[in-house]
Amino acid sequence: MRTTSATGKNGRSGLAGVTRGRLLFGGDYNPEQWPEETWHEDVRLMKEACVNSVTLGVFSWSRLEPRPGERDFGWLDRLMDLMHGNGIGVVLATPTASPPPWMGRLHPDTLPRDRDGRTEWWGGRQHFSHSSATYRRYAAALTEDLAARYGGHPALTMWHINNEYCTYDWGDEAAVTFRRWLRDRYGTLDALNTAWGTAFWSQGYGDWQEVLPPRRAHHLNNPTQVLDFKRYTSDLLLECYAVERDIVRRYSPDVPVTTNFMPMWAGQDAWRWAREEDVVSVDLYPDPRDPFGAQEGALVQDMTRSQARGPWMLMEQAAGAVNWRDVNRPKPRGLNRLWSLQAVARGADAVCYFQWRQSRQGAEKFHSGMVGHAGERGRTHQEVRRLGAELARIGPAVAGRHSACEVAVLHEWNAWWAGTQDGRPSREVDPAQLVRAWHRALWEAHLTTDFAHPEHDLSGYRLVVVPQLYLLTDAAADNLVAYVRGGGTLVCGFLTGIADEDDRVRPGGMDARLRDLFGIRVLHEWWPLDAGEHIGCDGFRGTLWSEEIEAGDAVAHARYRGGELDGLPAVLRRGRAWYVSTLPEPAALRELLADVAAGAGVRPVLDGLPAQVEAVRRGDLLFVLNHGRDPVGVALPGTYRDLLGDRTVTGRLELPRHGAAVLAP
Ligand code: GLA
């Protein structure tokens, strides 16, 4: 993959300037819940657990500004000094994700409205409108004072803006900012009417005041209006982020800035956002009970590394159970270590948690912490300590190293948004699930993948796969064609290149450049399948979708068998361009992609890996991770030094259940 130098944009250091050859280890620390004696106890435990980074202040607004305009910084001064005195770096958050109750009471205009016009009240969190001028004014003022006070503090290592930006607003002030955003995009109402196709269903707009966020309608909102609302929401939140980021940069130009993404979150165009950050960070909570939990982790890690174009920060994970699923199981012994090492294998230079000490009150008192209710003797904390010591040991050998991938999966937010509209051919088709299915096939084939935007330079990859990009810009379509012309191998799933940027169906029902690329003469009809339904194909079964295609100069690699489409091509190939018109069952998709990859010269990191074992290269280190419940033996092509076990291994590596090795040549 492409990499960045240690010095990021505008001379700021990025993550490398914070890690300085170590891995960061720590988490969200919310000490305002505890008496000050506990802070000293916390510091002792942190040092014993090799914690070198804490994130302070994420939800401290009502403590910092108890009444409008007042400031209470004394407690935070003491904490910053305490951390510094003990060699623990502080990622300082702007607390703007959860305004104090006084704000909603005095300024109801700061509260967002849902699409039914209902208010989101205080009493939880994230009850702010991205469009509210009042909210923005208060948020900027507090950010300014925080930055002025702590921008030069020796404990400060990074700024963390807000938390998991994820709010929507359909209210009146949002209608004003939506119109402003639309004017910037389209210039004139005529252009908006054309883009939205308002000639249909009598929707033509004659005055900007008529244009609204897509509020509840009797039947099917205009799809391009909905698409633009999602683009606008991502952009408005990004504006809020950028305002705070620019303030803290004025006071501490060398301190990197981040905001934490949610994993596979539809609300923020993460490609766009990542460009605005010095450090890309993500929160990651796979379900310990999910048999594909490790793959879900790998997917998010691959995506975050690709957005960061280098090392990234795991801002939050759980040491044990979360509390927001229906049933919340803790991590079994060894799993926290294994999944943390997986993140490091896939490029993380920081392994952090929500949160340091488990709360005794509030909405998350049953969410695990690095120190749980069982205290320092609890299993979870004991495992945290062991992990902290291990990360400290391997850190110098690992931090800052890059991973090289030969395969890229394409994923893009506009296509995701447009591909989940109401009124589409099948509600069973979910772009995110398709990304998961295709990434899983590659993961199970032991092929490490980057993610890429369809307009990125793809020439460094031997293989590019497209699970589904329903909406494709002209630039992206040209890019795919150029990639194959330039010698790349492309495998593309169904419902790709159907619509242009305005969600207007391309002539012929699919982009003509792609039809030519894959050798499709006519795409007659789509034949979506029901949940659980299968369609026979040569050598495998398809699910979810099928298509009535007339091939041109393509070769039919597999045909549909039986039913309406009997004998028609299911998988087409024209040179190095492959088109897959159904979703093959998992084993078949894995085999197909592994075969095509082998043909493109892409090999797994190690040959003959057992199914539950993941092997990932980072620099010249080889991470080998046993996700299985049983011990396993892995054949190695030579002699290595295992940095975790401090042992030499030759020819064969034995790993216990959930065991891991970090092998140096
Ligand atoms: C998110 C938030 C945290 C916490 C965790 C719980 O990641 O950022 O504040 O609520 O979820 O899993």
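Owing to the predicted nature of the structure, the values given are computational and were not obtained by experimental measurement. When a residue number appears, it is its place in the shown sequence, counting from 1. In each ligand, atom 1 is the first atom listed, and ligand 1 is the first ligand listed.
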Test item: side-chain donor near acceptor, E614 and H627, under 3.5 Å: yes
Residues D349 and T19: side-chain donor-acceptor under 3.5 angstrom: no
Quiz item: cation-pi between R78 and W39, 6.0 Å / 45°: no
Polar contact flag, side-chain donor to acceptor under 3.5 angstrom, Y232-T177: yes
Note, M303 side chain near V282 side chain (heavy atom, < 4.5 Å): no
Near ligand 1, at a heavy-atom separation below 4.0 Å: residues by chain and residue number: F59, R125, N163, E164, D283, Y285, E316, W324, F354, E364, H367
Check ion pair R231-D269 (N to O, under 4.0 angstrom): no
